[in-house]
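Scroll down for the structure; my scribbles are underneath it.
Source: prediction; values computed, not measured.
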Amino acid sequence: MPLYEVAHAASLSPGQKDSLAEAITDLHANRFKVPRWYINVTFTDASVQTSYIGGRQRITNRITARVRNGSTRSREAFNELCSDINDAWRRIVHLDLPTSTLPPRELELAAIYITGELLAGMKFGFQVPAAGSEMAWSEIHHSSFKARAALGDEDFVEFVAGLEKKPGFNRST
């Protein structure tokens, strides 16, 4: 399950964080055809971190993603995802600047790093599936997910509702 860590020196409003998390979630879920529930986004205030680029101290904004590699996930797809995330950052963080203008350094997204292979993991007690097998995994665990939703876990309520709307999702498993 991907983990996107947004380390920002720029002062982001709660609304900007919400919009960035929504954009990153949508971009990853749509590109790799996975339920939105799989995507995790965290924000860290990097304004107090000392960062260096080329040995020189800099104020930076960066996004680091830890994802699962898979045969259906090409380097080109991840490069396109980086471009889409960069576009979302520009649209959300410095909307008022023309695209031909460099943003002030404190607003610029200096780097996007996507690293891969999650060797193993668990999310809410369920072992993380191999990349590309998310839907089969979801079908296998569907009854357990529904049981957790029935107990009032709103993450699972949303997850189950989203799964059941997915074309080709087999609920009988």
Side-chain angles (χ1 to χ4, degrees), residues 1-95 97 99 102-124 126-138 141 155 158-159 162-163 166:
M1 313 283 175
L3 172 61
Y4 287 84
E5 295 179 287
V6 180
H8 58 95
S11 178
L12 299 179
S13 71
Q16 287 174 311
K17 290 178 185 178
D18 291 347
S19 294
L20 283 167
E22 185 72 22
I24 290 168
T25 299
D26 283 345
L27 289 166
H28 189 101
N30 292 334
R31 180 162 310 276
F32 298 116
K33 310 294 184 245
V34 298
R36 295 169 45 81
W37 180 79
Y38 292 178
I39 295 101
N40 303 279
V41 181
T42 64
F43 290 84
T44 302
D45 181 350
S47 65
V48 295
Q49 292 178 340
T50 304
S51 297
Y52 291 81
I53 298 176
R56 299 186 74 199
Q57 190 171 350
R58 298 282 188 239
I59 294 171
T60 64
N61 301 292
R62 68 188 173 282
I63 298 175
T64 304
R66 291 166 184 85
V67 302
R68 294 166 301 135
N69 291 334
S71 60
T72 61
R73 298 174 179 191
S74 68
R75 181 177 181 88
E76 293 79 21
F78 282 114
N79 282 332
E80 289 170 6
L81 179 61
C82 286
S83 291
D84 292 343
I85 290 170
N86 194 59
D87 290 345
W89 178 276
R90 282 189 74 95
R91 190 175 60 252
I92 294 164
V93 177
H94 46 88
L95 172 66
L97 290 177
T99 55
L102 281 176
R105 180 159 313 266
E106 66 272 9
L107 295 181
E108 182 177 25
L109 182 57
I112 302 172
Y113 303 114
I114 298 180
T115 62
E117 198 56 40
L118 177 69
L119 297 176
M122 293 190 86
K123 185 165 181 173
F124 296 110
F126 295 94
Q127 291 184 348
V128 173
S133 65
E134 295 88 358
M135 292 311 290
W137 176 83
S138 296
H141 297 291
D155 288 328
E158 289 178 19
F159 178 45
L163 272 178
K166 287 264 183 211

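Formation of a donor-acceptor pair under 3.5 Å by the N40 side chain with backbone atoms of Y38 is found in this model. Judged purely by atom type and a 3.5 angstrom limit, Q16 uses its side chain to pair as donor or acceptor with the backbone of I92.
Atom CZ of F78 sits about 10.0 Å away from atom CD1 of I85, to the nearest 0.5 Å. Note that OG of S83 is 7.5 Å distant from CD1 of I112, once rounded to the nearest 0.5 Å. Residue Y4 holds its OH atom at 4.0 Å from CG of L81, rounded to the nearest 0.5 Å.
Contact detail for A23 and R91: the closest heavy-atom pair is CB-NH2, 4.4 Å. The heavy-atom pair separating I59 from A9 by the smallest distance is CG2-CB, 3.2 Å. Nearest approach of C82 to I114, heavy atoms of both residues: SG-CD1, 3.6 Å. Closest approach of Q57 and Y52 over heavy atoms only: N-CD2, 3.3 Å. The two residues R68 and P129 come nearest to each other via the heavy atoms NH1-O, 2.6 Å. Taking every heavy atom of both residues into account, L107 and N61 meet most closely at C-ND2, 3.7 Å.
The closest side-chain heavy-atom distance from W89 to H94 is below 4.5 Å. Looking at heavy atoms from C-beta onward, K17 lies in side-chain contact with H8 at the 4.5 angstrom threshold. Side-chain contact check for I39 versus V34: some heavy-atom pair is nearer than 4.5 Å. Counting heavy atoms from C-beta on, the side chains of E108 and T60 never come closer than 4.5 Å. The shortest distance between side-chain heavy atoms of I63 and L20 does not fall below 4.5 Å.
Taking the ring-ring contact (aromatic ring centres under 6.0 Å, His included) definition, one finds that F43 meets it with nothing, sequence neighbours left out.
Using cut-offs of 30° and 60° for the angle between ring planes, the F159 and W137 rings count as tilted.
Within the structure, salt bridge (charged side-chain N to carboxylate O under 4.0 Å, His left out) contacts touching residues 35-46 (residues at least two apart or in different chains) are E22-R36, D26-R36.
For R73 and F32, the positive end sits near the middle of the six-membered ring, less than 6.0 Å away and at most 45° from its axis.
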